[in-house]
Every structure is written in C-alpha cells, then in structure tokens.
2 protein chains.
Amino acid sequence: MTNVNQQEGGDEGSPSPGTSSHFEPQCGSCNLREICLPVGLPEEELAQLDRVVSQRRKVPQGQCLFRSGDRFAALYAVRSGFFKASTHLIETREQISGFSMAGELLGLDGISTGNHQLDVTALEDSEVCVIPYDQLEAVSRDAPGLQRQVHRVMSREIVREQGVMMLLGGMRAEERIAAFLLNLARRLQARGYSGRTMVLRMTREETGNYLGMTIETVSRTLSKMQAAGLVRLDKREVEILEPDRLVALLQR
Amino acid sequence: MTNVNQQEGGDEGSPSPGTSSHFEPQCGSCNLREICLPVGLPEEELAQLDRVVSQRRKVPQGQCLFRSGDRFAALYAVRSGFFKASTHLIETREQISGFSMAGELLGLDGISTGNHQLDVTALEDSEVCVIPYDQLEAVSRDAPGLQRQVHRVMSREIVREQGVMMLLGGMRAEERIAAFLLNLARRLQARGYSGRTMVLRMTREETGNYLGMTIETVSRTLSKMQAAGLVRLDKREVEILEPDRLVALLQR
DNA sequence: CGCAGAGTTGAGGCGCTTCAAGAGCGGTGG
DNA sequence: CCACCGCTCTTGAAGCGCCTCAACTCTGCG
C-alpha cells in the first residue's frame with residue numbers, strides 16, 4: 001500500500017501541493033506494469049514510455065492532485081494511495097464520480113478543453129507518476145501499441161461510467177452498496193489483495209455522495225447487511241462474508 | 001431527414017441491418033464540420049480524414065447500429081437522426097446511458113475490449129459515417145491534430161457522463177427533467193435549431209429510464225411544469241417558455 | 001370498429017430523506 | 001490523567017417524494 005523508492009520526505013524543494021521528484025524510469029519493472037499503462041506493450045515501446053514518465057509526485061492525504069479549472073498538462077498514473085474525483089458542475093453541489101487506486105489513470109477529464117473539469121483529491125498519502133500529455137502524444141505517434149493503449153484506457157473509463165450510471169439510475173440502496181463493495185473488492189483483488197477484507201478509504205459521506213444516497217442510509221444499509229451475515233464491519237474495515245449472496249442482490 | 005442515395009433495398013446483399021453505401025468523401029464541406037470530428041483540423045488532415053471516412057450506413061428507426069458483444073471495428077459519426085445507447089450490464093435490466101444526435105461520435109465503448117459494450121439503437125431513421133478504427137489509428141499517426149481531436153472527443157464523452165452521474169446522483173425529479181430538457185435544447189441550438197421548440201425522439205419510458213425515474217413520474221413532472229408555465233407540451237413536442245426559470249431549478 | 005401502444009392521472013404505500021440524539025474515537029490542553 | 005471538543009458514524013422517529021398499481025384517454029392502424 002505504500003511506496004517503493006523513498007518513504008516520505010526524502011527530497012525537499014516541493015512545487016505546489018505534493019512533492020515532485022525525478023527517478024529512474026522503469027515502467028517495465030514496475031510492480032504495476034500488468035495493471036497500468038504498460039499492459040501488453042512490446043519492449044521498445046516500454047522504453048519510449050519510460051522516457052515520458054520521468055517524474056513522480058507525492059500527494060499527502062487531503063491534498064488535491066489537481067482542481068477543476070487547472071490547466072491540463074499531464075495524465076497521472078496512481079502509483080500508491082487512493083483518490084476521489086468530484087465535480088462541482090453546479091456550485092454548492094458536489095458529486096463524486098469515482099475513486100481511483102494503484103495503476104489507474106487520472107486526468108483524462110482535462111484533454112477535452114485543456115482544463116481539468118474535476119477535482120481529484122488524495123484520500124490517503126499517495127503518489128502518482130506524471131505523464132506529460134504532449135510528450136505522450138508525440139511518443140505515441142511512433143508507438144502504435146501505446147497509442148492504442150491510451151485509447152483503451154479512455155474507452156474503459158467511458159464504460160466504467162456506464163456502470164455507475166446503471167447503479168445510480170436503477171438500483172436501490174442495498175443493491176448500490178452491494179455493487180460498490182463488490183467493485184472495490186474486485187479491483188483490490190486484481191492488485192493482489194485478498195478481496196475479502198478491505199479498508200474503505202472514503203468516509204460514509206463520500207460513499208453516500210458517490211452512490212446517490214444519504215450518509216444515514218449508507219450506515220443503515222451496511223448495518224443491515226452485517227445483521228444479515230453478509231459482511232462484517234469494524235469502522236471502515238469491511239469483510240465480505242458471503243460474496244455470493246452479495247452478488248445475488250444484484251441479479252434481481 | 002431521410003437519405004441521399006437510394007431509399008431502402010436499393011442494393012441487396014447488405015451486411016447486417018442498415019444499408020451501406022460508398023460516397024464521395026467530403027468532411028471538409030459537410031455541414032456538420034463545425035461540430036463533428038473535423039473541428040479545427042488543418043486542410044491536409046481533413047483530406048486524410050476523408051480517406052478514412054469512405055462509407056455511410058443507414059439505420060432505420062428501431063434498428064441497432066451495433067449491439068453489446070459485437071466485434072468493434074469502427075467508430076460512427078451521426079450524420080442525421082437520433083440514437084439511444086444502453087447497457088444491459090445485468091441481464092433483464094436496461095440502463096440508457098445517453099442519446100446522440102448529428103455530429104456526435106458513437107462506438108467509443110468498443111475500443112476498450114475490442115467488443116462493443118453498449119447497444120446503440122436508432123430512434124428515428126438515421127444515417128452515420130463509418131470510420132474504420134484501424135485506419136483512423138494509422139492515419140492519425142501522421143495527423144497530430146486528428147489524433148488530438150480523437151482524444152478530445154473521448155475526453156468530452158467522459159466529462160459528459162460526469163454530468164449524467166450528477167443528475168442521477170443528486171437531483172430530484174423536477175431538476176432531472178429540467179436538466180434533461182435544457183441539455184437537449186442546448187445541443188439542438190448548437191446545430192442550428194431554435195433551442196426553444198423541440199420534438200423528443202424518445203418515449204417517456206426511455207426518458208424515465210435515462211433519468212432514473214418511472215414513466216409516471218416523468219409524465220407528472222412534465223405536466224406540473226406545464227401547469228407552472230415553464231413549458232408547453234404537445235405529445236412529444238416541447239416548447240420551453242421560461243428557460244431562466246428552468247435554469248433556476250438547477251441552481252438550488 | 002376494436003385493438004395495441006403511449007401517455008396521463010389518481011390513490012395508497014414504501015423507501016429513502018430529514019431531523020434529532022447519542023455513541024465512539026482521536027486530539028488538545030488544563 | 002481525564003475533561004472537553006470536533007468529527008465520524010450509528011440509530012431512531014417522522015414525513016415526503018417517488019414508486020406501484022390501476023383506470024382511463026388518446027392516437028394510429030388493421
């Protein structure tokens with residue numbers, strides 16, 4: 001869950017929120033290479049990607065990676081930690097549109113207009129790899145696999161959001177929570193965690209906002225699931241006791 | 001609104017639903033060039049795009065442009081007509097994720113896995129320009145503007161969906177309908193229509209599904225808005241009488 | 001004319017929100 | 001040390017918004 005190179009505050013001289021640092025590029029040997037952008041890239045394109053990904057940036061808990069309105073310059077691959085993405089399309093009303101963990105790409109919202117449209121905030125101390133967009137664009141001209149990979153990731157994001165819409169559009173509280181937990185578990189499992197036990201990095205309020213329900217309903221629904229023996233709860237720790245019955249909740 | 005070449009069954013041996021036809025490429029002189037992919041492309045890249053977009057396809061009302069599971073081979077630019085896109089992520093439950101009109105791009109959902117994840121259905125007799133994806137990829141290697149444009153369109157789609165999520169996540173019936181009508185009006189206006197009067201191409205059921213509410217609530221909410229003098233209704237025809245008050249509904 | 005599909009309208013009930021109170025926990029300072 | 005505060009979370013009770021069920025209208029069509 002934490003990082004590989006230097007633990008916290010290794011080098012000083014930070015720009016804006018978060019610390020940037022150069023590092024030896026190594027997408028090819030990164031432990032996230034099977035999940036992140038490098039997936040399936042041939043050796044020579046990996047090397048080209050390495051040339052682009054030359055910087056990392058730390059984002060302490062509570063800090064923004066970027067805010068709505070910020071000039072868009074780079075995509076970010078989550079290296080460690082956990083983020084939330086939210087819109088304020090209408091002032092005074094926040095809508096969380098997703099949560100991101102290691103290996104996932106952030107910043108795609110900025111390409112369209114050249115300015116970011118989302119706020120992205122670290123929910124725990126996190127680190128990202130910086131992928132300057134113009135360099136990525138230039139490099140991927142000679143790296144068809146990489147170009148295609150970028151398209152794939154964007155397309156996946158579009159499809160992911162379809163799922164969220166389905167969740168928000170058609171499901172009741174219990175189904176939403178079930179879908180939410182199963183989704184997190186699946187993603188964690190893909191990253192080598194158990195997929196049975198997990199720690200929610202978001203507050204109940206953030207969960208509720210994301211799922212389109214109030215904090216009280218989140219709490220009640222989770223309690224009810226625990227009473228039914230579906231999960232075991234300990235504050236933000238969740239253990240999925242009966243995944244099959246959770247899945248069954250969605251099949252209705 | 002109908003077609004250019006031959007009306008239905010002109011040439012036999014058509015592939016799947018819909019008639020395909022070759023045509024003189026002319027993105028540069030298409031009346032949608034300011035809305036569609038060509039936006040802002042230099043002359044020489046336009047020519048390259050023309051080489052890729054060499055086919056049109058008609059899709060009669062009620063027919064699918066593609067279905068979930070279909071092999072992904074091309075993107076489609078809507079030339080005329082109106083489409084709905086829907087998921088069946090969980091069998092038996094449909095969720096409409098969007099409606100598309102002239103100049104908008106369809107098929108982005110297929111890039112991620114190589115198979116489409118959505119059903120896209122024509123809600124009226126429609127026509128699309130076919131953009132074979134591998135050719136687009138190849139061509140955009142030498143056409144940085146085009147490459148960037150594709151990215152932009154995908155990013156815009158991602159951002160668009162954020163808005164829908166906000167709508168589904170946080171709004172009540174009246175706000176959803178208001179947002180829905182204003183969004184349609186804005187898009188029609190961008191295409192040269194009045195933006196005051198429009199004909200809804202979708203049924204109340206489809207509207208409700210998209211907005212995450214029942215057909216009855218859609219109907220009641222529209223009636224209430226009419227009673228309040230916000231809109232005038234005549235079946236599927238909607239006239240927006242007081243846009244400002246509709247906007248105000250969202251500001252809450 | 002009768003029928004099917006789309007839409008409207010009404011009545012009642014349920015699920016979620018709202019409002020409110022209190023518990024649990026970490027941090028701070030006397 | 002514990003009292004106190006702020007924050008998160010839980011739980012209960014009441015109300016309302018939307019859903020469900022049902023009846024009816026309207027339109028197009030054979």
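Proteins get letters first, then strands, A, B, ... in listed order; numbering begins at 1 in each.
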Looking at C/dC16, does its base get a donor-acceptor pair with the side chain of A/Glu174 below 3.5 Å? no
Can you measure B/Arg172 atom CZ to C/dC16 atom C1' for me and round it to whole angstrom units? 11 Å
Which residue lies toward the 5' end of DNA chain C, A/Lys235 or A/Lys224, if each is placed at its nearest nucleotide? A/Lys224
Describe, in one word, how the ring planes of A/Phe72 and A/His116 are oriented to each other, choosing from parallel (under 30°), tilted (30 to 60°) and perpendicular (over 60°). perpendicular
Considering every strand and a 4.0 Å limit on heavy-atom distances, what is the contact class for A/Thr203: base, sugar-phosphate, or nothing? sugar-phosphate
Touch check for A/Arg220, heavy atoms < 4.0 angstrom, all strands: base, sugar-phosphate only, or nothing? base
Specify the separation, in whole Å, of atom CZ of B/Arg204 and atom P of D/dC26. 15 Å
OP1 or OP2 of C/dT9 less than 4.0 angstrom from a side-chain nitrogen or oxygen of B/Ser223, does that happen here? yes
Would you say the ring centroid of A/Phe83 lies under 6.0 angstrom from that of A/Phe99? no
Using a 4.0 Å heavy-atom cut-off, does A/Gly212 contact any base of the nucleic acid, only the sugar-phosphate backbone, or nothing at all? sugar-phosphate
Base of D/dC7 paired with side chain of A/Glu205 (donor-acceptor, under 3.5 Å): no
When rounded to whole Å, the CD to C1' distance for the pair A/Glu237 and D/dC9 reads 16 Å
A/Arg236 near the nucleic acid: base, sugar-phosphate alone, or nothing, with a heavy-atom cut-off under 4.0 Å? sugar-phosphate
Can you tell me if the side-chain N/O atoms of B/Thr217 get under 4.0 Å from OP1 or OP2 in D/dC18? no
